[in-house]
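Each chain gets a letter, A, B and so on, in the order its sequence line appears, and its residues count up from 1. Only a predicted model underlies this, so the values are computations on that prediction, with no experimental measurement involved.
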Amino acid sequence: MAKKSTGLVASADTQAIVKTSDEARPSTIIGKLLNNLQFVRGRGALEIGIVFVILQLLMIGYAIVAPRDFPYLDPANLSGVLSQDIPVLGILGIGVGILMISGEFDLSLGSAIAFCAIMFIKVTNASNWGVGLAAAIASGVVIALINGLLVVYTKIPSFIATLGLGFFWAGASIFLNGPIPSNMSAKDAPVQLFVGDFGSIRAQVFWMVAIAIVAWFLLHRHRFGNHIYAVGGNVSAAKAISINPNRVKLVTFAIYGSLVGFASVLIAVRTLSMQPNSTQDYTLLAVAAAVVGGVSLNGGRGSIIGMIVGAALIKSLNDGLILINADGYYIQLFVGLLIVLAAVINRRVEGSAS
Amino acid sequence: MSSLLRVANITKTYGNNTVLKDVSFEINHNEVVGLLGDNGAGKSTLVKIMSGVVDATAGQYFWEGQEVENVNRTETERLGVETIFQDSALVPQMSITRNIFMGREITNTLGLMKLKQMDTIAEAILDSVVTIEGIKSPKQLVSSLSGGQAQAVAIARAVHFKRSLLILDEPTSALAVRATEALLDYLTQLKGEGVSSVLVTHNLHHAFKVCDRHIVMNHGKKILDLRREDTSVEELTAAVVGGAEGIRRFREQGSF
């Protein structure tokens, strides 16, 4: 192979350790494509992406053949259910997913949502929604940073620390509000902005897309994203190159917290009320969305597109089962199977990669 | 020859356990130094202190004759120390390019990485600094590489960023014979380009071939520090295996 003189290489005339074989690098378009596919696969989102597409084709096919029995494409379903459920879980999945890539968990998510939403409602009722939004996001960040500081400085596994803190924040919501629902009126809330109905699509979808784009640039293109992967993938390698893992993890906790705060506003504006302890399901659903989307439970691997596909897969499967009038138990059964399946695929990807 | 790095009276204790006792030595400019010793001799701790990952309990650290007060990884990174730890130099889940530029990403003013440029440079590094058999693309994940390939990528990274002191912790343990030979030759060559190296190894024959000087550690103490021409493989073996007693017996009896 011809030596390239870039001027950046330490010594162009250095003797090679072992010569590269030219054939190793693909030159044809198909070869390059297959090569790229391997890189995608290494990030764990390929298999579940295929599952997602197949499921959507089946459901859309069924909906076209029998729109009465299976109104999956009905505007009422699209705007009433799918485009409200998927974005909220998608945003939470992005927050949890980024945190998991850095090697940490936050199992206080469900409690934090209730706390942030109650803050949003109370502050909005007392002044206006702009201040309420700021209060919700600030609450999310503060809660996540407290969790993060505890985890980073005591070295308690985040699984345990945040499980305990989850109960604490749930208690804090009740302390703040009492066990009754906290309500707000539609005229005070920015309904159109956050949950506006545009026929088959809701405003939440735009919010998710905007957040996903920013998160994508942060995680996949920004220097800081590279450090998140490094810290989650091999903390001693990151330290050896003078990346400070504690700082990276704390900033990641803060990013996660801001997304939890924002998602809690979307939830509160949709229902115009919030009751403490009513949002606990989100904790494991958000972790599930990330895991289904190929985020490693051990840190260091995952992608934004995977997290969104994970959320979309869980929520659309859930919706499809409701539409065929499946019993609530079956819904849990299928979603549970999906999560286990995804974890098995993840394990295999990790096994084959290492 | 002037000293690049000098450590003086380094002691390190973990609780009641003293792992390094009053260790002093220097690494000169344009020098390859072998750091030898049995398991538990204190080599790894010494390497971590030299690279700023672990704080010494007591002792001083001099760089180019100047004392460094706060030795931490950020500081040693700035000075130009690069350590290639066995098995932990790279992040397996990341691509070769992202590993090479980890912590030193080429970015625009917004902090967004210039991946194309990084890939091009990474490819050039793989081609001409330390080329490695079987790497298809710098976008390949490190987890898909063999131990030897990964080691070579870590070394290539250190070379590319023109570090002044390269510390290699058991670099040849994962390498094939041919790659080991090439790596050792390479260290000799780097010396000519102003990069000093410390080679931590069990393999005395590897060390003896390329190192200008040998330091032998035993139970946390430095027991031998001699230039290659003043010692022999046999004496080094005696020191590693028998400690200070081994050296004494070797010098008295010509064997140990």
When the 4.5 angstrom heavy-atom criterion is applied to B:Leu110 and chain A, the contacting part is backbone
Work out which heavy atom in B:Glu77 is nearest to a heavy atom in A:Ser242; give both atom names and the distance. CG-OG, 3.7 Å
dist A:Arg223:CZ -> B:Ile106:CD1 (nearest 0.5 Å) comes out at 11.5 Å
Give, as side chain, backbone, both or neither, the part of A:Ile241 having an atom under 4.5 angstrom from any heavy atom of chain B. both
Interatomic distance, OG1@B:Thr74 vs NZ@A:Lys239, rounded to 0.5 Å, equals 12.0 Å
A side-chain contact here means heavy atoms from C-beta on lying under 4.5 Å apart; do A:His227 and B:Glu105 qualify? yes
Which portion of B:Arg78 sits near chain A, non-hydrogen atoms under 4.5 angstrom: neither
Tell me, side chain or backbone of B:Glu82 under 4.5 Å from chain A's heavy atoms, or both, or neither? side chain
More than 12 foreign heavy atoms under 6.0 Å from CG of B:Asn70: is that the case here? no
Side chain, backbone, both or neither: which part of B:Leu115 has a heavy atom under 4.5 Å from chain A? side chain
Identify all side-chain donor-acceptor contacts of residues 40-54 of chain B below 3.5 Å with residues at least two apart in sequence or on another chain.
from: B:Lys43; atom 1: NZ; to: B:Gly37; atom 2: O; distance (Å): 2.6
from: B:Ser51; atom 1: OG; to: B:Val47; atom 2: O; distance (Å): 2.8
from: B:Ser51; atom 1: OG; to: B:Lys48; atom 2: O; distance (Å): 3.4
from: B:Ser51; atom 1: OG; to: B:Thr83; atom 2: OG1; distance (Å): 3.4

For residues B:Val91 and A:Tyr229, determine if any side-chain heavy atom of one lies less than 4.5 Å from a side-chain heavy atom of the other. no
Gap separating the CE atom of B:Met102 from the CG atom of A:Asn226, nearest 0.5 angstrom: 8.0 Å
Where is the tightest heavy-atom contact between B:Pro92 and A:Gly233, given as atom of each residue plus distance? CD-O, 4.4 Å
Please report the C-alpha distance between B:Thr107 and A:His222 in whole Å, then the side-chain angles of each, then the deciding distance to 0.1 Å, and finally whether the side chain to side chain contact (heavy atoms under 4.5 Å, CB included) criterion is met. CA-CA 8 Å; B:Thr107 62; A:His222 197 272; over 6 Å; no
Verdict with supporting geometry, A:Asn234 and B:Gln93, side chain to side chain contact (heavy atoms under 4.5 Å, CB included): CA-CA 9 Å; A:Asn234 185 347; B:Gln93 300 92 333; 5.5 Å; no
